[in-house]
Amino acid sequence: MSDTSSDATAPADPTAPAASPGSGAARTAVVLDVWCELQCPDCRGALADLRALRERYGDRLELRLRHFPLDKHRHAFAAAQAAEEAAEQGRGWEYVEAVLERVEELDRTGEPFLVQVAGELGLDAEEFDTALIDGRHILIVDADQAEGKAIGVTGTPTYVIGGERLDGGKSQEGLRERVEEIADRLLAEAS
């Protein structure tokens, strides 16, 4: 989902501390760009970490899905466009998670699966089908992919937080902890 996605962050966690306790200041959000591909098994493996980060930080961590469809996955580009349509319909992350949980079905079925998931989530499946045909989200996906290449993304998932790129395509080992270290530092600096 693009930078302007309205559901890019998880709902606010009312138990999370404010950026400046007792000051009444607005919460400070740290941005975590997640370069992802919806046909990627490694991205599916990263879901648990992303959920844990959203639970820990609530609205203090803005997760932004950035598209990086890989040539080796023939349905990845369409899946990225479908994720943008889901974001436009207000259920972006929910859709992304639903597709990633069933990567094998996407591998086998392709675009009909993307429309099917939309229907299962109560989204306008006909609009999904139309969006995939008319390509209304291609420019967003292309822009994300170009930006990813420009900053050295070569595989998925790749995380960028506080200017630091973390390659999760090689290994997820320790990445959540590293993201937490950086997020904690950035939040402390902002308070």
Side-chain angles (χ1 to χ4, degrees), residues 1-5 7-10 13 16 29-84 86-87 91-107 113-114 117 137 140-189:
M1 288 145 316
S2 66
D3 296 331
T4 59
S5 175
D7 75 338
T9 57
D13 176 4
V30 170
V31 174
L32 173 62
D33 283 328
V34 181
W35 298 88
C36 184
E37 192 234 71
L38 298 187
Q39 200 173 349
C40 172
D42 291 331
C43 290
R44 176 180 53 200
L47 278 178
D49 284 342
L50 292 175
R51 288 174 181 141
L53 288 167
R54 285 182 10 213
E55 185 175 318
R56 176 176 176 176
Y57 292 100
D59 65 353
R60 296 177 301 142
L61 181 68
E62 179 185 350
L63 292 177
R64 293 192 307 194
L65 181 72
R66 306 300 300 273
H67 303 291
F68 201 78
L70 302 171
D71 291 336
K72 66 182 180 179
H73 294 134
R74 66 185 185 136
H75 305 299
F77 197 83
Q81 292 177 72
E84 282 299 318
R91 309 264 300 273
W93 274 109
E94 186 178 355
Y95 182 83
V96 165
E97 290 184 15
V99 172
L100 281 173
E101 291 287 356
R102 296 160 58 188
V103 166
E104 294 81 9
E105 287 181 67
L106 176 57
D107 287 343
F113 171 73
L114 298 170
V117 171
H137 302 296
I140 293 169
V141 176
D142 282 346
D144 275 1
Q145 192 168 38
E147 184 180 337
K149 287 178 182 177
I151 64 169
V153 174
T154 57
T156 58
T158 296
Y159 308 96
V160 177
I161 182 170
E164 189 170 338
R165 189 180 72 238
L166 306 168
D167 185 355
K170 294 178 182 168
S171 171
Q172 291 290 308
E173 182 95 21
L175 279 182
R176 185 174 84 207
E177 292 79 10
R178 183 69 186 124
V179 169
E180 289 172 348
E181 289 171 13
I182 296 168
D184 290 343
R185 183 189 79 233
L186 293 172
L187 289 166
E189 289 171 1

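These numbers come from a predicted model, not from an experiment. These values consider heavy atoms only, across backbone and side chains, with no hydrogens, waters or symmetry-generated copies.
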Do other residues, nucleotides or ligands put more than 12 heavy atoms under 6.0 Å from Glu173 CD? no

What are the two closest non-hydrogen atoms of [X] and [Y], and how far apart are they?
| X | Y | result |
| --- | --- | --- |
| Leu63 | Leu50 | CD1-O, 4.1 Å |
| Leu106 | Ala79 | CD2-CB, 4.1 Å |
| Leu100 | Cys40 | CD2-O, 4.0 Å |
| Val117 | Ala98 | CG1-CB, 3.8 Å |
| Leu38 | Val103 | O-CG2, 3.9 Å |
| His67 | Ala83 | CE1-CB, 3.9 Å |

Going through the checks in order, is the side chain to side chain contact (heavy atoms under 4.5 Å, CB included) test met by Asp42 and Thr156? CA-CA 7 Å; Asp42 291 331; Thr156 58; 5.8 Å; no

Test salt bridge (charged side-chain N to carboxylate O under 4.0 Å, His left out) applied to Glu181 and Arg185, step by step: CA-CA 6 Å; Glu181 289 171 13; Arg185 183 189 79 233; over 6 Å; no

Check step by step if side chain to side chain contact (heavy atoms under 4.5 Å, CB included) holds for His75 and Phe113. CA-CA 10 Å; His75 305 299; Phe113 171 73; over 6 Å; no

Provide the full list of salt bridge (Lys or Arg N to Asp or Glu O under 4.0 Å) pairs with a residue in residues 67-78, sequence neighbours left out, each pair given once. none

Side chain to side chain contact (heavy atoms under 4.5 Å, CB included) between Arg165 and Trp35: does it pass, once the steps are laid out? CA-CA 10 Å; Arg165 189 180 72 238; Trp35 298 88; over 6 Å; no

Indicate yes or no: does Glu55 engage Arg51 in a salt bridge with an N to O separation below 4.0 Å. no

Inspect the contact between Asp184 and Arg56 and indicate whether a charged nitrogen and a carboxylate oxygen are less than 4.0 angstrom apart. yes

Would you give the length of the straight line joining atom SG of Cys36 to atom CG of Leu47, rounded to the nearest 0.5 angstrom? 7.5 Å

Could you measure the distance from the CG atom of Leu175 to the CG atom of Asp167? Nearest 0.5 Å is fine. 8.0 Å

Considering only heavy atoms from C-beta outward, does the side chain of [X] approach that of [Y] to under 4.5 Å?
| X | Y | answer |
| --- | --- | --- |
| Val153 | Arg66 | no |
| Tyr159 | Arg178 | no |
| Asp49 | Pro157 | no |

Please assess Ile161 against Leu186 for the test side chain to side chain contact (heavy atoms under 4.5 Å, CB included), listing each intermediate value before the final yes or no. CA-CA 9 Å; Ile161 182 170; Leu186 293 172; 4.2 Å; yes

For Tyr95, which residues count as a ring-ring contact (aromatic ring centres under 6.0 Å, His included) partner, sequence neighbours excluded? Phe128

Indicate yes or no for a side-chain donor-acceptor contact from [X] to the backbone of [Y] under 3.5 Å, with no hydrogens or angles considered.
| X | Y | answer |
| --- | --- | --- |
| Glu37 | Ala76 | no |
| Gln145 | Pro69 | yes |
| Tyr57 | Glu180 | yes |

Which of Leu166, Leu32, Ile151, Val34 passes side chain to side chain contact (heavy atoms under 4.5 Å, CB included) with Val160? Answer is Ile151

Kindly determine whether Arg54 and Glu97 satisfy salt bridge (charged side-chain N to carboxylate O under 4.0 Å, His left out), including the steps that lead there. CA-CA 13 Å; Arg54 285 182 10 213; Glu97 290 184 15; 2.8 Å; yes

